[in-house]
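Report on one structure; see the data block that follows.
All chains are named by letter (A, B, ...) in the order of the sequence lines, taking the proteins before the strands, and each is independently numbered beginning at 1. Just so we're clear, the structure is a prediction, and the values are computed from it rather than from any experiment.
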2 protein chains.
Amino acid sequence: MISLANKKNLKPEDFPPEIEGLRMTRQRREVLAVILRDRDHPTANDVFLRAQKRMPTISLATVYNCLEALVTHNIVRQVNLERESSRYCPNLSDHCHFQDEKSGKIHDVVFKEGVKLEDILELPKGTEVSHLEISLKGIFGK
Amino acid sequence: MISLANKKNLKPEDFPPEIEGLRMTRQRREVLAVILRDRDHPTANDVFLRAQKRMPTISLATVYNCLEALVTHNIVRQVNLERESSRYCPNLSDHCHFQDEKSGKIHDVVFKEGVKLEDILELPKGTEVSHLEISLKGIFGK
DNA sequence: CGGAAATTTGGAATTATTCTAATTCGTAAT
DNA sequence: ATTACGAATTAGAATAATTCCAAATTTCCG
């Protein structure tokens with residue numbers, strides 16, 4: 001996994017020509033930069049609006065295309081909460097999402113030290129987990 | 001919580017006039033009976049098609065209305081997997097959902113004895129969880 | 001440079017769900 | 001029973017997110 005998750009003030013130009021086998025086009029750079037910049041779990045449309053600022057000609061369809069490419073190449077993660085629009089998250093480490101009912105903000109939540117999901121679920125022998133999503137809603141403390 | 005989860009061969013007529021404070025109309029009975037009968041996590045449209053068999057005049061809008069009423073009164077649970085249509089589940093006990101990639105079937109998965117989600121997540125003090133959803137995908141063993 | 005392949009684009013199409021306004025139903029009082 | 005009223009149902013239109021499509025553009029490579 002490439003460590004983009006912590007690079008904060010990355011400009012689109014700073015990305016290498018290829019990430020995780022995905023050719024970085026101008027639009028993909030822009031979309032990725034948007035997601036890395038604010039880290040607030042934007043929807044595709046949010047990304048579109050932000051990307052448009054620097055690249056007024058980008059289209060929504062392209063944003064969807066870029067997001068799909070980034071997701072399938074494991075460069076960003078797609079987050080689905082209830083029936084809302086998908087959101088996009090640059091944090092690739094194991095974590096889940098908590099949506100605060102007051103602010104609407106989405107927080108990343110990590111597992112306690114050493115906890116593995118397979119340890120806590122009653123899964124039949126031979127089960128292979130390829131995808132896992134945990135989402136919570138409520139009042140986020142602090 | 002009313003123990004409908006285990007009643008299997010329930011006919012619509014068998015329901016009391018009111019469940020969890022929700023008046024049971026003819027359509028709501030039918031929708032609930034469908035969900036209790038097959039327990040295969042049908043979508044709204046699946047429910048519609050099945051309900052139509054016994055009640056040819058029921059409309060899709062009504063199925064959506066009934067499902068919403070049943071969900072908000074905690075009589076059935078709404079299950080969201082990725083971006084697919086919502087599905088509906090009569091099992092109200094704590095559990096999560098595993099979608100088998102081969103068959104497409106959805107399996108209920110329970111926590112191991114004594115595990116509480118709050119114990120395994122790093123949540124800030126004062127956090128109140130009102131809603132929780134865990135979904136998995138992969139090859140389901142056995 | 002020249003052609004093939006990949007990407008982008010705008011708009012149309014699709015799909016699940018919600019909305020709306022009119023009708024019907026159910027209940028309870030007369 | 002009849003009436004009246006609020007709740008529920010209905011069909012169809014509307015909406016919203018996403019995907020599809022076909023044409024235009026860009027990129028890559030020899």
State which residues pass salt bridge (Lys or Arg N to Asp or Glu O under 4.0 Å) with [X]; sequence neighbours excluded, sorted by chain then number.
X      : value
B/D40  : B/R50
A/E68  : none
A/E128 : none

Side-chain N or O of [X] closer than 4.0 Å to phosphate OP1/OP2 of [N]:
X     : N      : answer
A/S86 : D/dT18 : yes
B/R83 : D/dT18 : yes
A/Y64 : D/dT19 : no

- Message: Within the supplied structure, the quantity of interest is the number of heavy atoms (other residues, nucleotides, ligands) at a distance under 6.0 Å from A/E113 CD; does it exceed 12?
- Response: no
Whole Å only: how far is the [atom1] atom of [X] from the [atom2] atom of [N]?
X     : N      : atom1 : atom2 : result
B/R28 : D/dA7  : CZ    : P     : 11 Å
B/L70 : D/dA8  : CG    : P     : 12 Å
B/H73 : D/dA7  : NE2   : C1'   : 13 Å
B/Q27 : D/dT10 : CD    : C1'   : 10 Å
A/N45 : D/dT15 : CG    : C1'   : 14 Å
B/N65 : D/dA8  : CG    : C1'   : 8 Å
B/Q52 : D/dT10 : CD    : C1'   : 13 Å

- Note on the structure: Under a 4.0 Å heavy-atom cutoff, the residues of residues 55-62 of chain A touching DNA chain C are A/T57, A/I58, A/S59, A/A61, A/T62
- Message: Is there a side-chain contact between B/L121 and A/K112 in this structure, where contact means two heavy atoms from C-beta onward sitting under 4.5 Å apart?
- Response: no
- Message: Tell me whether B/E133 contacts the main-chain N or O of B/N80 through its side chain, where contact means a donor paired with an acceptor under 3.5 Å.
- Response: yes
- Item | chain B contact limits on DNA chain C, taken 5' to 3' with a cut-off of 4.0 angstrom to heavy atoms | C/dA16 to C/dG26
- Hydrophobic cluster identity match, A/L81 and B/L81, side-chain contacts under 4.5 Å: no
- Footprint string (nucleotides 22-28 of chain D, 5' to 3'): B base within contact, S backbone only, - free, heavy atoms under 4.0 Å: -----SS
- CD1 of A/I134 to SG of B/C96, rounded to nearest 0.5 Å, is 8.0 Å
- Considering all heavy atoms of both residues, which atom of B/R54 and which atom of B/K11 are nearest to each other, and what is their separation? NH2-CD, 4.2 Å
- Decide if the gap between the ring center of B/F140 and the ring center of B/H107 is smaller than 6.0 angstrom. yes
- Message: Can you see whether A/H41 engages A/D46 through a side-chain donor-acceptor pair at a distance of less than 3.5 angstrom?
- Response: no
